[in-house]
Amino acid sequence: MSRNPAPASLAALVDAIFARDGKLATSVPGYERREGQQQMAAAVAALIEDGGTLLAEAGTGTGKTLAYLVPAILSGQRLLISTGTKNLQEQIFLKDVPALQEALGIPFTATLMKGRGNYLCLHRWQVYRDNVEGNTASGGRLIDSGDRVLLPVIDEWLERTETGDRAELADLPEDLPVWSELSAEASSCLGTECPRYNDCFVTLMRQRAAESDVVIVNHHLLCADAAVRQSAYGEVIPASPALVIDEAHQLEDVATQYFGVAVSNFRIDDLLRDTTRQLASRPPGSSDGSTVSAQFTPAQVNRISQASAWLSDCARTFFDGIGQGRASTASETRVRYTAETLAPHAEAGMDVAGALDRLEAAMTPAAAAPAGSPDFEDEAVAAIRRRATEMSQDLRRLLRADDPDYVFFLEARGRGVVLRAAPINVAHIVRDTLLDRFRSVLLTSATLTVDRSFEYIRRRLGVQRPRELQVASEFDYTTQALLYLPRRMPPPKAPAFAAAAAREAIEILKRSRGRAFVLFTSYAVLRSVEPLLRMALTFPMLVQGTAPRSRLIEEFRRTPNAVLLGTSSFWQGVDVVGEALSCVIVDKLPFASPGDPVTAARIDAVRTAGGDAFADYQVPLAILTLQQGLGRLLRHRTDRGVLAILDPRLRTMGYGRRFLTSLPPAPVTHELDAVERFFK
């Protein structure tokens, strides 16, 4: 709910707040006035007053969050903030918003919104608890001792939680299997028919958001909302005149995911599980075939059971066939396909689509009827029918694979097999469904420019006629950082590269006394380097895949001299302040694999349009990724550390200069002795 606009000019109010004797300086503990922050805040104030789009690159340490929060709050307009990570989302809500509520002396409210899968469904929880006593979960899975331990934990949590947010259960594993049965996922939501609708955590979250001045979401929810806004589900996020897209460099990847199409064996398994749950939760009809609301007749139960069994068999045949030889390892496989290459499995795929239609028909009442009559259909049954129809339509589209604006590919990992279609270019989608809906839009990040230009991000996100602002980092990289480039390294594709990378990493880590991230562009090199590091070093070693990401980061923070080995997921969104992280080692320049279906399709699209795919797409994308990886090192103006890039192409290839000029202005050395002196 927006407040009345302030009577004075917004620019003057913002200047006063950020002044040396302003409210931030006198009210926020540890606040330091920064020229770059005040410059960005002035630009955001002008954006809110005049409308339009602003691209703002604000280097690490600028304090960009306060730079856009303060003008928005003073303006009296509702502000929608979307972040690339849940970590930043929670930091804004739990740290920055309370600080400003106290410092500004202006009453305003804020709400944190996440995807439905983050919240406990009270109705599903009650069904689950009731079934525990019968030793069987609602989907037919046997209850184990771990499930029984969960009961008192969640019961105790429900006594105190106001949000129902899964993140509050920090002591439970992130990958808790049973959570999929307990969360408020939209696919299984009963809507207004749910007996717990009024006290549902998702319902309450939406009500709070509709009444709040600041609404904080993440890119996943922002894109999910845009994708369903025109559908029967309607909007999820309340309307707002102003949008801030923080960590905007991540938006293209998220939009690619949400504006695509996917059908997987897991998606069908979820549908079958929820169908079974509906049958189990309804008493059978009487022997004469009569029924009441929320019941099925015995004949209909038989038809639904047969349709479910047929769908299960067809799906198993189809997904086993297309995933053969691919879905057995922990690493992910992504393979591009066409209608012709998928032809051997097309008939099995159409069988799945037909089975979905059969299930939808089996659950269809004989005729529309009012509640309480024999043919009444409640929201839960309607949701299953709708899901079956959507899946059937999606699968037929994926089997045709005939849309030139999309790339079609198969994705396999472990037991999961997915057919996907992803938009090759999301620029017009982002512009039409997101940017054009708001009067004022700020896209900001510490890494938005390549070669000191916003051209790349403008082109990828469809940003038209923006204002542009570059604010340098507040850090003094000439004294706080050192860039180490080894003199002699084999080419990254050479068989000897992994061993050479291990030798260099060992020597660097000895001098840094651990306290480092070692970031890899592939699991293969990580697996080759890890045993060599373990043999040569005694520092605690944390490795991606051995525990959930958040647990590894937390353990790294509290473990002296730790070394963390990770791949792409650790290149961004990780914040470790202080001496715990004093060194970042990168094995190779992070070029996206040209074998990846989406990357390959985008390379083809650039070439078809007459561009240079390597110079115009692959290099800029790799530069932004590298900047993010190295950005893990300095998070505060008192931090110091060494950046080490082991890839010789920085020195031997012409495009290496583009990378070097995009890196922070730290002194460069090729000598390990200089690294040792820096740490001493």
Side-chain angles (χ1 to χ4, degrees), residues 123-124 127 130-131 134 136-142 180-181 185-195 232 263-321 346-399:
H123 174 64
R124 297 181 78 175
V127 171
D130 292 346
N131 278 283
T136 305
S138 54
R141 179 178 58 81
L142 290 179
S180 63
E181 297 182 31
E185 281 289 359
S187 61
S188 56
C189 180
L190 303 183
T192 55
E193 298 295 326
C194 179
V263 175
S264 68
N265 57 332
F266 289 155
R267 186 179 173 191
I268 290 178
D269 288 346
D270 286 345
L271 178 70
L272 290 170
R273 186 191 66 237
D274 290 342
T275 301
T276 301
R277 180 183 289 115
Q278 288 303 316
L279 292 177
S281 65
R282 300 160 190 269
S286 62
S287 58
D288 62 2
S290 64
T291 185
V292 295
S293 174
Q295 286 186 337
F296 296 118
T297 65
Q300 192 174 18
V301 169
N302 187 51
R303 289 196 300 273
I304 294 171
S305 298
Q306 289 179 348
S308 297
W310 175 241
L311 174 58
S312 178
D313 290 343
C314 290
R316 187 180 305 110
T317 299
F318 175 62
F319 286 106
D320 284 353
E347 183 177 352
M350 290 302 295
D351 285 344
V352 177
L356 286 162
D357 294 338
R358 179 177 171 182
L359 176 62
E360 189 275 337
M363 300 191 77
T364 303
S373 71
D375 294 320
F376 170 71
E377 176 186 47
D378 66 21
E379 180 64 28
V381 176
I384 291 176
R385 290 180 54 222
R386 184 170 59 239
R387 289 162 61 191
T389 299
E390 290 174 352
M391 238 182 292
S392 174
Q393 294 171 346
D394 289 347
L395 182 55
R396 284 180 164 87
R397 178 182 176 186
L398 290 164
L399 293 171

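Nothing here was measured: the structure is a model prediction, and the numbers come from that model.
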For Asp313, is there an ion pair with Arg316 - N to carboxylate O distance below 4.0 angstrom? yes

From Trp310 CH2 over to Leu359 CG, what is the distance, rounded to the nearest 0.5 angstrom? 13.5 Å

Before giving the answer on side-chain contact (heavy atoms from CB on, under 4.5 Å), spell out for Thr275 and Leu311 the whole-Å C-alpha distance, their side-chain angles and the decisive distance to 0.1 Å. CA-CA 12 Å; Thr275 301; Leu311 174 58; over 6 Å; no

Rounded distance (nearest 0.5 Å) linking atom SG of Cys314 with atom CD of Glu347: 10.5 Å

Report the C-alpha separation of Phe318 and Leu399 in whole Å, then their side-chain angles, then the decisive distance to 0.1 Å, and conclude whether the side-chain contact (heavy atoms from CB on, under 4.5 Å) test is met. CA-CA 12 Å; Phe318 175 62; Leu399 293 171; 4.1 Å; yes

Which value, rounded to the nearest 0.5 Å, describes the distance between Thr389 atom OG1 and Leu356 atom CG? 8.5 Å

Please report the closest heavy-atom contact between Gln300 and Ala362, naming both atoms and the distance. NE2-O, 3.2 Å

For Leu395 against Gly349, the heavy-atom pair lying closest together: CD2-O, 3.4 Å

On a heavy-atom basis, which atom in Val263 and which in Phe319 lie closest, and how many Å separate them? O-CE2, 3.9 Å

Below 4.5 Å, heavy atoms only, C-beta onward: do Gln306 and Arg358 meet side chain to side chain? yes

Donor-acceptor side-chain pairing of Arg396 and Ser392 below 3.5 angstrom: yes

Between CG of Asp269 and OG of Ser312, what distance do you get to the nearest 0.5 Å? 7.0 Å

Roughly how far, to the nearest 0.5 Å, is the CZ atom of Arg303 from the OG1 atom of Thr364? 9.5 Å

State which residues pass side-chain hydrogen bond (donor to acceptor under 3.5 Å, both in side chains) with Thr317; sequence neighbours excluded, sorted by chain then number. none

Output yes when a side-chain donor or acceptor of Ser308 lies under 3.5 Å from a complementary backbone atom of Ile304, and no otherwise. yes

Considering all heavy atoms of both residues, which atom of Ile384 and which atom of Met363 are nearest to each other, and what is their separation? CG2-SD, 3.4 Å

Would you call Arg273-Asp270 a salt bridge at under 4.0 Å N-O? yes

Determine whether Arg267 and Asp394 satisfy the following criterion, side-chain contact (heavy atoms from CB on, under 4.5 Å), listing intermediate values before the conclusion. CA-CA 12 Å; Arg267 186 179 173 191; Asp394 289 347; 3.3 Å; yes

Nearest 0.5 Å, what's the CE-CG distance between Met391 and Leu398? 12.0 Å

